[in-house]
Amino acid sequence: MKGDAMIAGAVMGMAIFILDAVAMLAGWEGTQRIATKNTLLLGVITLSLLYFTRRFAATTGEEGLSYGRALAFMALSSAFAGVLVGLGDVVLYRWIAPEAYAGVVEQSLRASKRMLRDNPIFAGNPDLLKESVAQARVQMLSPLVIILKNIVNLTMLGTLAGLFLAVFCKREANTYQP
């Protein structure tokens, strides 16, 4: 199961990384373009999980594939995809297009700053707000945080999608005894 899940995760991870890289390098900003990217992302995840889990089910032989095992396969595939996407993002953000990622980080920090400015904790203490934003910037640029964020996000997305998709991928065991 692990080998098949790794192959599924590798293919899904590469597709997601390419989609993310194209969206970032093309400067996809604004709610309409982000919604389009997220719809494509969900489509990639759904189609990848369906295809590879059904392919795995066909190789299980007489034992079949239970709902739980199909869901576990999807979660494992998604976690491995998260590792690959995280590693790809670190390479992209550190060496290939650091200025594009810096723009994404700054945009995110500006939005966070606007939200936090209205918070009563930060309203009376602008130094605390500046310190918090500076700390968030350091964390957002950390390779470990980037990788872990992708692992957690894709594992959650894959598992949530798998709750529904596993129903269509399970296969009953062959109980026929000649």
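Since the model is a prediction, treat every value here as computed from it, not as a measurement.
Contact between Leu141 and Arg94 at its shortest, heavy atoms only, is O-NH2, 2.9 Å. The minimum heavy-atom distance linking Thr60 with Arg171 is given by the pair OG1-NH2, 2.9 Å. A pairwise comparison of heavy atoms in Leu19 and Lys37 identifies CD2-O, 3.8 Å as the closest pair. For Cys169 against Arg54, the heavy-atom pair with the smallest separation is SG-CG, 3.8 Å. Across Leu49 and Ala161, no two heavy atoms sit closer than the pair CD1-CB, 4.3 Å. Residue Ala97 comes nearest to Met24 through the heavy atom pair CB-CE, 4.1 Å, listed as atom of the first residue, atom of the second, then distance.
For Tyr67, the OH atom counts as densely surrounded, since its 6.0 Å shell holds more than 12 non-hydrogen atoms of other residues, nucleotides or ligands.
Taking CE of Met6 as the start and CZ of Phe52 as the end, the distance is 13.5 Å to the nearest 0.5 Å. Of the inter-residue distances, the one linking Ser77 atom OG with Met12 atom CE reads 5.5 Å to the nearest 0.5 angstrom. If you take CG on Leu160 and OG on Ser78, they are separated by 10.0 Å, rounding to the nearest 0.5 Å. Rounding to the nearest 0.5 Å places CG of Asp89 at 6.0 Å from CG of Asp20. For the atom pair CD1 of Ile96 and CG of Leu25, the computed distance is 8.0 Å after rounding to the nearest 0.5 Å. The distance from the OG1 atom of Thr36 to the CG atom of Leu41 is 12.5 Å, given to the nearest 0.5 Å.
Hydrophobic clustering, with ILVMFWY side chains joined whenever heavy atoms are under 4.5 angstrom apart, groups Tyr101 together with Leu109. The hydrophobic cluster containing Phe80 does not contain Leu154, counting ILVMFWY residues as joined when their side-chain heavy atoms lie under 4.5 angstrom apart, directly or transitively. Leu165 and Ile16 fall within the same hydrophobic cluster, defined by Ile, Leu, Val, Met, Phe, Trp and Tyr side-chain heavy atoms under 4.5 Å apart, directly or through other members. When the side chains of ILVMFWY residues are joined at heavy-atom separations under 4.5 Å, either directly or via intervening members, Ile146 and Val91 end up in a single hydrophobic cluster. Both Trp95 and Phe17 sit in one connected hydrophobic cluster of ILVMFWY residues. Membership requires side-chain heavy atoms under 4.5 Å apart, directly or through other members.
The existence of a salt bridge linking Lys113 and Glu106 is excluded, since no basic side-chain nitrogen approaches an acidic carboxylate oxygen closer than 4.0 Å.
Of the possible donor and acceptor atoms, none in the side chain of Thr53 sits under 3.5 Å from a partner among the backbone N and O of Leu50.
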- Message: Walk me through whether Thr46 and Leu42 qualify under side chain to side chain contact (heavy atoms under 4.5 Å, CB included).
- Response: CA-CA 6 Å; Thr46 302; Leu42 188 59; 4.2 Å; yes
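Residues Arg69 and Glu63 meet the side-chain proximity criterion, which asks for heavy atoms closer than 4.5 Å.
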